[in-house]
Amino acid sequence: MNIHIPRGTEDLLPEQTKTWQIIEDTLKQLSERYHYHEIRTPMFERTELFQRGVGDTTDIVQKEMYTFTDRGGRSLTLRPEGTASVARSYVQNKMHGNPEQPTKLYYLGPMFRYERPQQGRTRQFTQFGIEAIGSADPAIDAEVIAFAMDCYQDLGLKSLKLVLNSLGDHESREAHRQALVDHFKPHEDELCSDCQMRLEQNPLRLLDCKVDQDHPSMQNAPSILDYLNDYSQQYFIDVKKHLDAMGIDYVVDDALVRGLDYYTHTAFEIMSEADGFGSITTLSGGGRYNGLIQDIGGPEISGIGFALSIERLIMALEAEGISLDSEDELDCYVITMGDEAKFAGSKLVYQLRKAGFIVDQDYLDKKMKAQFKAADRYQASYAIVIGESEIEQGVANIKRLEDGEQKTIAIDDVKAQIEQGL
RNA sequence: GCGGCCGUGGCGAAGUGGUUAACGCACCGGAUUGUGGUUCCGGCACGCGUGGGUUCGAUCCCCACCGGUCGCCCCA
C-alpha cells in the first residue's frame with residue numbers, strides 16, 4: 001500500500017454512488033415542492049466568517065477547523081458547516097432586495113471538521129441543508145421542521161424522533177444565562193473542569209454535560225423555558241401549534257442546546273431510534289438565527305434553517321433495512337468470435353447504444369463461454385452472438401437469456417428485433 | 001484531543017515463535033476446439049497495516065507510527 005486516503009475521508013465506490021444519487025434526487029425534488037432553490041458557495045471562506053458566524057467559543061471554531069494560509073497571506077478555512085456561507089452570500093448579493101421573500105435556499109456539499117473519526121463522523125462529510133431568510137413567522141419554523149422530517153420520510157424511514165426546544169430571544173437568553181451562573185456558581189468546585197470553563201464561556205452547555213449529569217445541582221437547574229419573555233413564549237407556542245396542525249409529533253426537551261452560537265428561539269434535532277445505532281444518533285439539526293445576518297455585516301434580518309448529514313442518513317437507512325439500490329441490468333451483451341466479428345460487434349454495440357439500449361461487450365478476449373458468463377452476471381436480457389459463419393451470411397444469433405430462446409436473423413434487423421422483443 | 005479493542009489474499013475468515021499461511025465467496029482455466037446460470041477437477045498471498053527491535057529464526061513477542069472501530073468531548 002503506497003499512498004493511503006487521508007484520515008477521516010472515504011471513497012464512494014460505484015455501488016454506493018448509486019444510493020447517493022437517489023438520495024440527492026429525492027432531496028432536490030423535495031426542495032422544489034417546498035419551493036427552495038439551490039445555492040452553491042465556495043468550499044473555503046475567509047476564516048473570520050466562521051469566527052464571527054459560527055462563534056468564537058464553539059468547539060468547531062476552537063479546535064475543529066481546517067485553516068490554512070494561502071500564498072497571498074490570507075487565512076482561509078474549509079467550511080465546517082453551510083449556514084455561515086449562505087448568510088455571507090445573502091448579504092454580499094443583497095438578496096434582501098429581491099422581490100421574492102423570504103429567500104428560500106438549499107445547498108448540498110462536503111463540509112470539513114478536524115475531529116477524531118468514528119462511524120458517522122468523518123473529517124469530510126456531506127451536508128444537505130436549507131435556509132429560509134427574511135421571515136420571523138412561526139409558520140416558517142414549522143415549514144423547515146416539516147421539510148427536515150420529510151427528507152427522511154420520503155426515503156421510507158420510520159424510527160425518527162423530533163426533539164424541540166426554544167432558546168428564546170436575546171433578552172430571554174441573557175436572563176437564563178444569568179440564572180445559570182447564579183445557580184452553578186456555589187457548586188463550581190464540585191463540577192468537572194470542562195464545566196468550570198463552560199460556566200464562564202457558555203453556561204448553556206453545562207446542561208448537557210455527561211460527567212456532571214448526576215450532580216444534585218443539575219436536577220433543579222434553571223430551564224430556559226422558564227425564562228422566556230412574553231414574545232419568545234408566544235413564538236414557541238405558535239411554532240408548536242403549527243406543528244400540531246400538520247400532525248407532526250415532537251418532544252420538547254429543554255436540555256437541547258445546539259453547538260453553534262447563532263441560534264435563537266426554535267432549535268430542533270432529529271434522531272434515529274433504530275436499533276444498531278451507536279452513540280451518534282443525531283441525524284440532523286437546525287434552528288432559528290435572528291442575529292447572524294447582522295453579525296456578519298448585513299441588515300437586521302432573521303432566518304431559520306437546518307442541515308442533515310447524508311452519511312448518517314445512509315446509516316439510518318441501513319439500520320432500518322431500507323435499500324435504494326436499483327438493478328443494474330444490461331439490455332444486450334454482444335458476444336463475438338474471431339477478428340472479423342469483433343468489428344461487426346463494435347458496429348452493432350454502437351448502433352444499439354445510439355438506439356437507447358444499455359449494451360456492452362467483451363474487451364478481454366475471453367472465450368465464448370466466458371463471454372456468456374459475463375452476459376449472465378450483468379443480467380443482460382439478450383446475448384447477441386456473432387462468429388465467422390454469421391459474418392459470412394450477414395446474420396446474428398439473438399438469444400433471450402431468461403429462457404434460452406434463440407433466433408438467427410439478418411444483422412441489420414437486430415435493432416428492430418430487440419425493440420419488439422423476440 | 002483522551003481511553004479501550006482491532007489490522008491476515010478482491011471480500012469474509014482460521015492459524016502458529018521454526019519446512020508448502022486452513023477454509024468459504026469471488027475470479028481464472030479445464031471437463032464440453034462456437035452458447036450462460038448447475039456439477040466436478042485444477043489454479044489463485046515471494047505474503048500476514050508500515051517501520052524498527054528482541055531472537056539462531058517472527059504473521060504470531062516488544063516499541064513507534066499509520067489506519068479502523070467503540071466510548072468520552074462535541075456534533076451532522
Side-chain angles (χ1 to χ4, degrees), chain A residues 1-10 13 15 54 57-64 79-83 108-129 148 151 192-195 197-198 202 205 208-213 256-260 268-272 277-286 305-316 333 335-338 341 364-380 382-391 397-406 408:
Chain A
M1 181 72 60
N2 290 325
I3 298 177
H4 198 271
I5 192 171
R7 183 166 205 202
T9 64
E10 50 192 4
L13 306 181
E15 56 265 33
V54 178
T57 64
T58 59
D59 279 11
I60 291 179
V61 170
Q62 284 188 344
K63 54 186 195 189
E64 295 175 2
R79 62 180 185 194
E81 56 101 55
T83 302
L108 172 69
M111 305 294 165
F112 307 85
R113 292 185 200 173
Y114 191 92
E115 293 188 275
R116 179 89 178 251
Q118 56 181 269
Q119 195 174 54
R121 181 203 289 163
T122 47
R123 290 181 174 181
Q124 175 178 331
F125 59 101
T126 311
Q127 279 191 344
F128 167 85
C151 290
C192 73
S193 58
D194 282 341
C195 281
M197 204 183 317
R198 291 180 182 119
N202 196 346
R205 302 220 64 88
D208 58 1
C209 177
K210 303 294 185 296
V211 179
D212 293 325
Q213 62 183 349
L256 171 64
V257 176
R258 313 239 60 248
L260 294 80
F268 68 96
E269 267 183 27
I270 296 171
M271 331 234 244
S272 171
F277 244 72
S279 63
I280 293 173
T281 56
T282 301
L283 297 176
S284 60
F306 88 98
L308 66 81
S309 144
I310 307 272
E311 286 85 351
R312 288 186 188 176
L313 169 54
I314 290 171
M315 282 171 63
Y333 194 82
I335 294 172
T336 62
M337 300 290 296
L364 297 175
D365 241 350
K366 287 190 183 174
K367 307 239 164 94
M368 173 142 74
K369 175 173 175 155
Q371 292 190 53
F372 263 99
K373 278 191 171 182
D376 205 53
R377 183 170 46 250
Y378 293 135
Q379 300 187 67
Y382 297 98
I384 302 170
V385 182
I386 308 172
E388 299 297 351
S389 58
E390 284 80 5
I391 292 292
N397 292 313
I398 304 181
K399 183 169 187 174
R400 186 161 60 204
L401 291 175
E402 177 184 22
D403 57 7
E405 187 74 17
Q406 182 166 324
T408 302

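We use all heavy atoms of the structure for the numbers below, so side chains are in, but hydrogens, waters and symmetry mates are not. Order of the sequence lines sets the chain letters (A, B, ...), proteins ahead of strands, with each chain counted from 1.
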- [ ] Using only heavy-atom distances, determine whether the side chains of E269(A) and T282(A) contain a donor-acceptor pair under 3.5 Å.
- [x] yes

Task: Minimum side-chain heavy-atom gap E81(A)-V54(A) below 4.5 Å - done: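 Side chain of E81(A) against side chain of V54(A), heavy atoms only: contact under 4.5 Å found.
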
Would you kindly give the [atom1]-to-[atom2] distance between [X] and [N], to the nearest whole Å?
X       : N      : atom1 : atom2 : result
E15(A)  : G10(B) : CD    : C1'   : 12 Å
R121(A) : U69(B) : CZ    : P     : 11 Å
D59(A)  : C72(B) : CG    : P     : 15 Å
I310(A) : C75(B) : CD1   : P     : 21 Å

Task: Pairwise distance CG(L283(A)) to CE(M315(A)) - rounded to 0.5 angstrom - done: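 Reported value, rounded in 0.5 Å steps: 8.5 Å.
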
Heavy atoms under 4.0 Å, any strand shown: does [X] hit a base, just sugar-phosphate, or nothing?
X       : result
A375(A) : nothing
L283(A) : sugar-phosphate
G129(A) : nothing
E81(A)  : nothing

Open item on the list: Just to be sure I follow the notation: if a pair is Watson-Crick (purine N1 to pyrimidine N3 plus N6-O4 or O6-N4) or a G-U wobble (N1-O2 and O6-N3), each under 3.5 Å, what dot-bracket string does RNA chain B give, with | for pairs to another strand?
Closed with: (((((((..(((.....[....))).(((((.......))))).....(((((..]....))))))))))))....

TODO: Between S309(A) and A374(A), name the one whose nearest nucleotide on RNA chain B is closer to the 5' end.
DONE: A374(A)

Open item on the list: Please compare I270(A) and G8(A) by the position of their nearest nucleotide in RNA chain B and report the one closer to 5'.
Closed with: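 It is G8(A) whose nearest nucleotide is closer to the 5' end.
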
Open item on the list: With a 4.0 Å cut-off on N to O distance, would you call R121(A) and E115(A) a salt bridge?
Closed with: yes

Task: Charged N-O contact under 4.0 Å between R400(A) and D403(A) - done: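 D403(A) and R400(A): salt-bridged.
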
Donor-acceptor pair, [X] side chain versus [Y] backbone, under 3.5 Å?
X       : Y       : result
E311(A) : T126(A) : yes
R312(A) : M271(A) : no
Q371(A) : T336(A) : yes
R79(A)  : M111(A) : no

Using the [atom1] atom in both, what is the distance from [N] to [M], to the nearest Å?
N      : M      : atom1 : result
G71(B) : C65(B) : C1'   : 23 Å
A13(B) : G52(B) : P     : 29 Å
A58(B) : U16(B) : C1'   : 10 Å

Open item on the list: Stacking between G37(B) and F372(A), yes or no? Criterion: centroid separation under 5.5 angstrom, plane angle under 30 degrees.
Closed with: no

Task: Heavy-atom protein contacts under 4.0 Å, nucleotides 28-34 of chain B, coded B base, S sugar-phosphate only, - none - done: SSSB--B

Check whether any side-chain N or O of [X] sits under 4.0 Å from OP1 or OP2 of [N], and answer yes or no.
X       : N      : result
Q406(A) : U35(B) : no
Q371(A) : U35(B) : no
R7(A)   : G68(B) : yes

Task: Residues that R7(A) engages under side-chain contact (heavy atoms from CB on, under 4.5 Å), provided they are two or more places apart - done: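 Residues passing side-chain contact (heavy atoms from CB on, under 4.5 Å) with R7(A): R116(A), P117(A), R123(A).
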
Task: Distance-only donor-acceptor test (3.5 Å): side chain R116(A), base G68(B) - done: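 In this structure, the two groups form no donor-acceptor pair.
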
Task: Syn/anti label of G43(B) as read from its glycosidic torsion, with the cut at 90° from 0 - done: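 G43(B): anti glycosidic orientation.
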
